Amino acid sequence: QQQVKQSPQSLIVQKGGISIINCAYENTAFDYFPWYQQFPGKGPALLIAIRPDVSEKKEGRFTISFNKSAKQFSLHIMDSQPGDSATYFCAATDILTGGGNKLTFGTGTQLKVEL
Amino acid sequence: EPEVTQTPSHQVTQMGQEVILRCVPISNHLYFYWYRQILGQKVEFLVSFYNNEISEKSEIFDDQFSVERPDGSNFTLKIRSTKLEDSAMYFCASSASLNRGPYEQYFGPGTRLTVT
C-alpha cells in the first residue's frame, strides 16, 4: 500500500516535444506529491510539488496534473530540451501525520531528449 | 542558495568495518533524513530525525545503523558493521526552514559507499 508506481521506465522525446511521466499510488493518506530530477552522480533535486487540493500546478515548462479520485499524478515537461535529459522520480508522503514525513519514491523514469 | 553538503563523496570500506557518513543540513532546517539508492534503483527512505530523536525509520534501518546530531550543524549516519549489500549511494536531506513548509526536502549530493 505504500508503493508508488511510475511509468514509463524510460522515455525518448524529440527536442521541443512534450514529455509525460505518470505515477499512481494506493495510500489515500498521501497528501504531498513532489517530483525530483536527478542527473548522474548527483542527488535528487526538487522540481515541483503538488498538494491534493488542486488538480494542476505549473512552474515554467513543468506541470503536475493530479487526479485524486484515480489516485494518479503526472509530470508534463513542455518544450523538452536536451538539458532536461535526466532521471525523474515521483514521490509521495503524508505530511498531516506529523511524523517523519518520509518520502516514498517511484522507480524513476530515464528521460532522453534528442535533438 | 543554501544547500545540503555531504562528506566524503566516496567511501570504500571492507566488510565488517564501521563507517560514518557526514552531512551538514541546510542551516535552520529542523527535520533531517537519510535515504539510500542502490545503483540503478529507486531512492529508499532510511530514517528521519527531529528534535534530537528518530521520528521514523524503515525496515532497512536495523541495529547496525545509527544516526546522531553531534553538534548544531552536523548530522551523521553510522553503519556499525558493513555488509556487501550496504553498497549504495547514501543521501542526506533536510526540510523545514522558516520560509517554506516542513515537507519540502532538499537532498545533498550523496556519498557513494562501496563495501568490498
Side-chain angles (χ1 to χ4, degrees), chain A residues 1-10 21-25 27 29-54 57 59 64 86-110, chain B residues 1-7 9-10 21 23-26 29-51 53-61 67 88-97 100-112:
Chain A
Q1 194 183 14
Q2 286 294 323
Q3 278 190 334
V4 176
K5 295 181 181 177
Q6 184 171 346
S7 63
Q9 189 174 3
S10 62
I21 304 170
N22 301 299
C23 285
Y25 64 98
N27 187 350
F30 285 154
D31 54 7
Y32 173 68
F33 304 89
W35 284 88
Y36 283 83
Q37 178 189 57
Q38 186 180 32
F39 293 104
K42 304 292 185 185
L46 180 62
L47 197 59
I48 186 173
I50 197 167
R51 298 289 310 279
D53 51 343
V54 296
K57 183 174 180 181
E59 287 184 4
I64 299 179
T87 300
Y88 292 82
F89 290 96
C90 62
T93 188
D94 52 341
I95 64 174
L96 288 181
T97 60
N101 292 346
K102 70 175 186 183
L103 288 171
T104 299
F105 280 84
T107 48
T109 296
Q110 263 192 317
Chain B
E1 187 168 326
E3 56 184 22
V4 177
T5 59
Q6 291 185 242
T7 54
S9 57
H10 191 192
L21 309 183
C23 166
V24 179
I26 294 173
H29 275 195
L30 301 175
Y31 293 87
F32 313 108
Y33 311 83
W34 284 101
Y35 292 82
R36 78 171 187 190
Q37 185 178 33
I38 295 171
L39 188 62
Q41 297 186 22
K42 67 177 180 179
V43 179
E44 299 176 290
F45 170 79
L46 291 178
V47 66
S48 58
F49 191 85
Y50 170 69
N51 200 26
E53 60 183 24
I54 291 173
S55 39
E56 192 169 0
K57 60 183 180 179
S58 72
E59 294 173 353
I60 302 168
F61 194 89
V67 289
M89 184 75 101
Y90 287 80
F91 294 108
C92 173
S94 69
S95 66
S97 69
R100 298 182 181 272
Y103 34 87
E104 296 181 355
Q105 295 183 29
Y106 295 89
F107 284 70
T111 292
R112 178 165 297 286

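Reminder, nothing fancy here: chain letters follow the sequence lines and each chain counts from 1. All figures in this text were calculated on a predicted structure; none of them were measured in a lab.
For Lys5(A), there are no salt bridge (charged side-chain N to carboxylate O under 4.0 Å, His left out) partners two or more places apart in sequence or in a different chain. Every residue two or more places apart in sequence or in another chain was checked for a side chain to side chain donor-acceptor pair (under 3.5 Å) with Ser58(B), and none qualifies. Remark: Gln37(B) pairs with Gln38(A) by the side chain to side chain donor-acceptor pair (under 3.5 Å) rule, at least two apart or across chains.
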Fill in: side chain to side chain contact (heavy atoms under 4.5 Å, CB included) evaluation trace for Tyr32(A) with Glu104(B)
CA-CA 9 Å; Tyr32(A) 173 68; Glu104(B) 296 181 355; 3.5 Å; yes

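Here the side chain of Tyr33(B) pairs no donor or acceptor atom with the backbone of Leu103(A) at under 3.5 angstrom.
Atoms OG1 and NZ, from Thr104(A) and Lys42(B) in turn, are 7.5 Å apart once rounded to the nearest 0.5 Å.
Note: Gly106(A) leads Gly106(A), Gly41(A), Gly108(A), Pro34(A) in heavy-atom pairs under 4.5 Å with chain B.
More than 12 heavy atoms of other residues, nucleotides or ligands lie within 6.0 Å of CD in Glu59(A), so this atom counts as buried by the packing criterion.
Contacts of residues 44-52 of chain A with chain B at a heavy-atom distance below 4.5 Å involve Pro44(A), Leu46(A), Arg51(A), listed in sequence order.
Within the 4.5 angstrom heavy-atom criterion, only side-chain atoms of Tyr35(B), from C-beta onward, approach chain A. Heavy atoms of Tyr50(B) lying under 4.5 Å from chain A are absent altogether.
Gln105(B) and Tyr36(A) make their closest contact through O-OH, 2.7 Å (heavy atoms, listed as atom of the first residue, atom of the second, distance).
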